[in-house]
Amino acid sequence: AVSPDGVREPFQGTVGAEALEAFISARAPPKPTTQPTQEKEANEEKHVVPVCAAEDFDQKVLEVEELYLVAFVDAGEQCQAEMKNVSSVIGGLHDMVKSCQLVVDDKSSKLAAFWGAADVSDKKTCVQLALFPFGSDKADADAEIYEGEMQTKPLQAFVTESMPNFVERINSDNLNQFLNVQMHMPKILLFSKKDDIPGTFKALAVNFRTPLLYGFVSNEEAPELGQQFQVKKFPSIIMTMMQNNEAGDPSFAISPYSGPLTYQALAQFVSTIASEFELKRHPEDDKVGRSSAPLPVQEVTSGLDLETACVARGGLCLLAFLDSQASQAPAHLELLQTLATTRASQPLSIIWIDAPRQVDFAAAFEVNMVDVPTVVVFSPRKLRYSLLRGSFKVEEVDALIQGLFSGKTSTFLLQEMPKLIDGGVDPVDASMEEVVEDEFDLSDIMGEEMEVAAKSKEDIIKEAEEQMNAEKQRKNEEEAAVKAAAAAAESKKKKKKSKKKSKKSASEEL
């Protein structure tokens, strides 16, 4: 644990849910004696957004993985005063997102304009906030300019909406899979009466994504899980992790979180768990992306399968379009299983579809049968997808996934959610299709060939001479016609000239 004055006190006991909870609770800061609202406002007023310079902007902002909120502020004295108000608003986020302020002067005005803060560089406004997306290479992405009110609540909604979702939606169908992935890794579960994942919890999962896993249970969707985990009130948070019981057998331990449900308190809670787990992590967890029970890649054959295995889990879905009858089908499934285990800690569901049995569903994602095997990474919530343009290889598919998580890969919008045909349809067997062709009489063909072959050499020469003579006669007739036309034109010209001469003589006589 880290005290307010920066002193680090290591956890000495056996890593377990109850022991960690007691350790954290004993070292939690005392409850405030002043009014919470007054203390909150005082802390926000003291908040100072750190400065980032144009010369190290790439290294500090563009090359880090986390989201980054940048305040582009005019260098004028009046605008610097306005920045103090903006700093207090950003302070209300309590480090949900990294932030810095860049003073826009003659040297940095082009940089501000490039990233969308043209109103500041053009002296039209004092401050503009730009949110840079999640991913370690933001240079090819677009920053999103905040256009809402300069207040903490709408700004927080703007930031959390742009965060990737590292929280998995949990129900009775996928609970065991969630618990068995990286079994010795602590898992944080939020139980809520609401259906949407709160932005605060999303931020927690993004900022403390290693080595913890996060799940969300909606009581409307899965009320039986609240009863199973003995949840008494909503919202509630529990921590669960694998540990050995008295007999030395592994079992899941459950510990409820009893602190305030604020980002600051929760951040201290999960950061302590994460840091102590890293010091005492189980040897099995050194196998990155491995678990004692690898998550199987599921085939979906109906709309219900798709809802359970993809839509209800939240995050992104990798839809693999395969041909179950292809000789390479086992190798294709093995490739998907490799991706499933290496990406187990990310909000990504991997499923596969027998493309020849779901032709219309595949076509909705621009997948034709000649493209199989291929994959589509799909966001059910946003109805946006991106299609694999390369070959069906681990590195190619992995690059597509990484590009989408980092915001570098472009996506396409679906007008509506495509529907699977329950059970699929029988694929068309090309070998069984009746090929209709024109019929030929072999005797006719052979008769023509025999007739040609029967012609003698003399006949062939005679035919050639006749053709040459006919061509020569045609040319002679054309030349004669040309000469006749020329003679007629010359005769007409002479008559016209003689007529003019006669008129001239008559005129002289008068």
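Given the structure is predicted, the values throughout are model-derived calculations rather than measurements.
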* **Ring centroid separation Tyr68 to Phe134 under 6.0 Å** => no
* Output yes when a side-chain donor or acceptor of Asp122 lies under 3.5 Å from a complementary backbone atom of Lys124, and no otherwise. => no
* Are the side chain of Asp354 and the backbone N or O of Arg357 linked by a donor-acceptor pair below 3.5 Å? -> no
* **Pair Arg209 + Glu66: basic N to acidic O under 4.0 Å** => yes
* Is the ring centre of Phe365 less than 6.0 Å from the ring centre of Phe378? -> yes
* On the 0 to 90° scale, with breaks at 30° and 60°, tag the Tyr263-Phe208 ring pair as parallel, tilted or perpendicular. => tilted
* **Side chain proximity check, Met241 to Ile273, heavy atoms < 4.5 angstrom** => no
* **Parallel, tilted or perpendicular, as decided by the 30° and 60° cut-offs, for the rings of Phe132 and Phe57** => perpendicular
* Asked: Of Leu155, Thr152, Val48, which is the lone residue that meets side-chain contact (heavy atoms from CB on, under 4.5 Å) with Ile90?
  -> Leu155
* Residues Arg169, Glu221: salt bridge by 4.0 Å N-O rule -> yes
* To do: Taking the side chain as every heavy atom from C-beta outward, state whether Cys100 and Val51 have any atom pair closer than 4.5 Å.
  => no
* Asked: Is there a donor-acceptor contact under 3.5 Å from the side chain of Lys138 to the main chain of Ala143?
  -> no
* Side-chain donor/acceptor of Asn207 to backbone N/O of Leu204, under 3.5 Å -> no
* Structure fact -> Here the pair of heavy atoms bringing Cys317 nearest to Pro380 is SG-CG, 3.9 Å
* So, does Ser192 use its side chain to make a donor-acceptor pair with the main chain of Lys194 at under 3.5 Å? -> yes
* Gap separating the OG1 atom of Thr262 from the CD atom of Gln268, nearest 0.5 angstrom -> 9.5 Å
* Looking only at atom types and distance, does a side-chain atom of Thr240 sit under 3.5 Å from a main-chain N or O of Leu189, one as donor and one as acceptor? -> no
* Can you tell me if Thr411 uses its side chain to pair, donor with acceptor, with the backbone of Arg384 under 3.5 Å? -> no
* Asked: Are any side-chain N or O atoms of Gln80 and backbone N or O atoms of Asp74, one a donor and one an acceptor, separated by less than 3.5 Å?
  -> yes
* Asked: Centroid-to-centroid, Phe229 to Phe191, below 6.0 Å?
  -> yes
* To do: Please name the residue in the list Thr374, Leu388, Val359 that meets the side-chain contact (heavy atoms from CB on, under 4.5 Å) test with Val367.
  => Thr374
* Asked: Any side-chain heavy-atom pair from Val120 and Val73 closer than 4.5 angstrom?
  -> no
